[in-house]
2 protein chains.
Amino acid sequence: MDAVRARQEPIDLGPLPGLLGHLLRRAHGRMQAGFAEATSGRGVTASEFALLCLVEANPGITLGQLAQAAALDKSTLSPAMQRLTERQLVERQPVSGDRRTQALRLSPEGTALLPSLKASVDDYEGRMVSPLSEQERTTLLSLLRKLNGL
Amino acid sequence: MDAVRARQEPIDLGPLPGLLGHLLRRAHGRMQAGFAEATSGRGVTASEFALLCLVEANPGITLGQLAQAAALDKSTLSPAMQRLTERQLVERQPVSGDRRTQALRLSPEGTALLPSLKASVDDYEGRMVSPLSEQERTTLLSLLRKLNGL
DNA sequence: TATTGTTATACTCTATAACTATA
DNA sequence: TATAGTTATAGAGTATAACAATA
């Protein structure tokens with residue numbers, strides 16, 4: 001194998017800037033990292049934050065309903081809810097008439113924590129979206145909702 | 001803990017439809033799953049596909065340059081390139097004048113495989129984006145590029 | 001000293017399949 | 001039989017920090 005010169009030319013991204021999958025991966029990665037930084041020290045991941053929001057908005061929701069709302073498998077949700085329950089942010093109550101299921105709701109601790117998390121998230125979302133104008137941001141959110149069937 | 005009734009009301013997504021991070025996570029998840037299905041059997045993941053495209057577009061690129069182009073850490077890329085090298089899709093050549101680095105390029109096998117992968121990816125992207133009009137798709141890609149600083 | 005790439009390690013997110021308890 | 005939730009297992013994606021070789 002002969003030795004060659006290293007590449008000097010500017011990098012060509014090829015087809016990647018035209019691929020939705022690639023652009024979503026990059027954007028998602030940046031948002032994940034930004035979320036972690038914005039909420040560091042409070043020990044709630046981005047996925048867990050979404051679950052807390054859903055439980056808050058739907059007190060008494062069951063794990064199966066939550067799975068559908070979050071577009072996740074129940075086997076993904078089950079351990080996630082265990083962590084949130086162990087951290088005492090979410091409580092489970094028995095449901096009369098069906099002992100297989102449990103009604104989920106925020107604990108007082110969860111209720112107390114969520115507003116400050118929401119404030120941090122709003123703040124970090126604003127920073128991450130700052131390359132876009134207000135109208136572009138609105139359009140982007142709208143198109144992503146449509147893409148997700150929401 | 002008293003037993004309560006399970007929630008009957010329709011699910012409320014709360015603030016999530018307005019959060020870019022959440023919408024990106026959902027969209028990215030769907031795209032990942034779609035990619036895996038569209039390319040199943042060929043043993044290349046979405047990340048690996050992106051790397052193959054970058055190597056194809058920039059023959060002789062080094063790992064460090066590739067990391068920058070893909071917006072990934074070198075420690076993420078190193079094992080990924082090992083897999084691609086072991087699978088004989090990418091070759092490494094010594095670089096004259098700097099024995100620390102290696103020039104990357106597609107192998108004949110990689111060169112032969114990539115077009116069919118690209119065709120499958122184009123096809124699956126088209127299917128995933130079908131809820132959007134052609135113009136909406138263009139707008140979405142453009143906004144995501146801007147968000148990513150591309 | 002600084003840089004390139006590798007490795008050890010760890011964390012997050014997610015799913016499939018098999019299982020338990022209950023309906 | 002069917003459903004709600006749990007568990008075992010696995011795979012993908014990513015990063016930080018310490019390292020070896022080289023510059």
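In the text below, chain A, chain B and the rest are named by the order of the sequence lines, each starting its count at 1. Just so you know, these numbers use all the heavy atoms, side chains as well, and skip hydrogens, waters and symmetry mates.
- Taken to the nearest 0.5 Å, the CD atom of B/E109 stands 12.5 Å off from the CG atom of B/L84.
- No side-chain heavy atom of B/Q68 sits under 4.5 Å from any side-chain heavy atom of A/I11.
- As judged by a 4.0 angstrom heavy-atom cut-off over every strand, A/S78 is placed among the base-contacting residues.
- Annotation for B/R105 and B/P59: closest pair NH1-CB, 3.8 Å, computed over non-hydrogen atoms.
- Atom CD of B/E37 and atom CD of B/Q32 lie 13.5 Å apart (nearest 0.5 Å).
- Within 3.5 Å, a donor on the side chain of B/R100 pairs with an acceptor on the base of C/dT3, or the reverse.
- A salt bridge links B/K118 with B/E56: at least one charged nitrogen is closer than 4.0 Å to a carboxylate oxygen.
- Side chains of B/F35 and B/M128 form no contact here, defined as non-hydrogen atoms less than 4.5 Å apart.
- Enclosure of atom CD in B/Q135 is not indicated, since only 12 or fewer non-hydrogen atoms of other residues, nucleotides or ligands lie within 6.0 angstrom.
- Per the geometry, CD belonging to B/Q102 stands 10 Å off C1' belonging to C/dT4, to the nearest Å.
- Here the range on DNA chain D touched by chain A, meaning any atom under 4.0 Å from one of its heavy atoms, is D/dT3 to D/dT14.
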Strictly under 4.0 angstrom, non-hydrogen atoms only: write out the protein contact profile of nucleotides 10-20 of chain C, one letter per nucleotide from the 5' end, B, S or -.
---SSBBB---
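- To the nearest angstrom, P of C/dT4 lies 17 Å from CZ of A/R7.
- A heavy-atom distance below 4.5 Å is found between the side chains of B/L63 and B/M81.
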